[in-house]
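Here, residue 1 is the first one in the sequence, and each next residue gets the next number. Just so you know, these numbers use all the heavy atoms, side chains as well, and skip hydrogens, waters and symmetry mates.
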Amino acid sequence: MGLKNNKSYNDGFYIGAFVEFSISERFYIQPEVTYVNIKNDFDQLQIPVLAKYRIGKKFKVLAGPNLGFLLNTNENFHSYYLGVSLGVSYDITNRLSIEQGTI
């Protein structure tokens, strides 16, 4: 019995930036821009605009539309899509948080 190698795994990276605007004590808007690259075969620019709602002292839930652009397409694919992002956030400090989301 040994470890199996998953040949369908692709390396990649993503990098992005966001800013959080406080609308009220519990409600925030967070626009983002993220570049995604998977094994030099898939380049994408994602632009979500998330609404965040504080549900405790340190926890927030987030949701919003996500506009994505494929940067290297062929004629069989659309070059853009519109999706929905959902997630949760935990504030470690006032300037540092951890987020987990889906696109």
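Two rings, from Tyr80 and Phe69, have their centers 6.0 Å or more apart.
In this structure, the side chains of Pro65 and Val84 stay at 4.5 Å or more apart for every pair of heavy atoms. The closest side-chain heavy-atom distance from Tyr35 to Phe13 is below 4.5 Å. Counting heavy atoms from C-beta outward, Leu50 and Ser85 have side chains that approach closer than 4.5 Å. In this structure, Leu62 and Val88 have side chains that are not in contact, with every pair of non-hydrogen atoms separated by 4.5 Å or more. Counting heavy atoms from C-beta outward, Gln30 and Glu32 have side chains that approach closer than 4.5 Å. Contact annotation: the side chain of Ile15 never approaches that of Thr34 to less than 4.5 Å [non-hydrogen atoms, C-beta and beyond]. No side-chain heavy atom of Phe27 sits less than 4.5 Å from a side-chain heavy atom of Ser22.
One finds the OH atom of Tyr90 at 10.5 Å from the CG atom of Leu96 (value rounded to the nearest 0.5 Å). The structure places CD1 of Ile92 at 3.5 Å from CD1 of Ile98, a figure rounded to the nearest 0.5 Å. Atom-to-atom distance recorded for Lys52:NZ and Ser97:OG is 5.0 Å, nearest 0.5 angstrom. Note that the NZ atom of Lys58 and the OG1 atom of Thr93 stand 7.5 Å from one another [nearest 0.5 Å].
Lys57 has no carboxylate O lying under 4.0 Å from a charged side-chain N of Asp91, or vice versa, which leaves the two without a salt bridge.
Leu67 and Tyr81 get closest at one heavy-atom pair: CD1-O, 3.3 Å.
Each of Val36, Ile38, Asn37 was checked for a side-chain contact (heavy atoms from CB on, under 4.5 Å) with Tyr14, and the lone residue meeting it is Val36. The only option from Glu99, Arg26, Glu20 that meets the side-chain contact (heavy atoms from CB on, under 4.5 Å) definition with Lys60 turns out to be Glu20.
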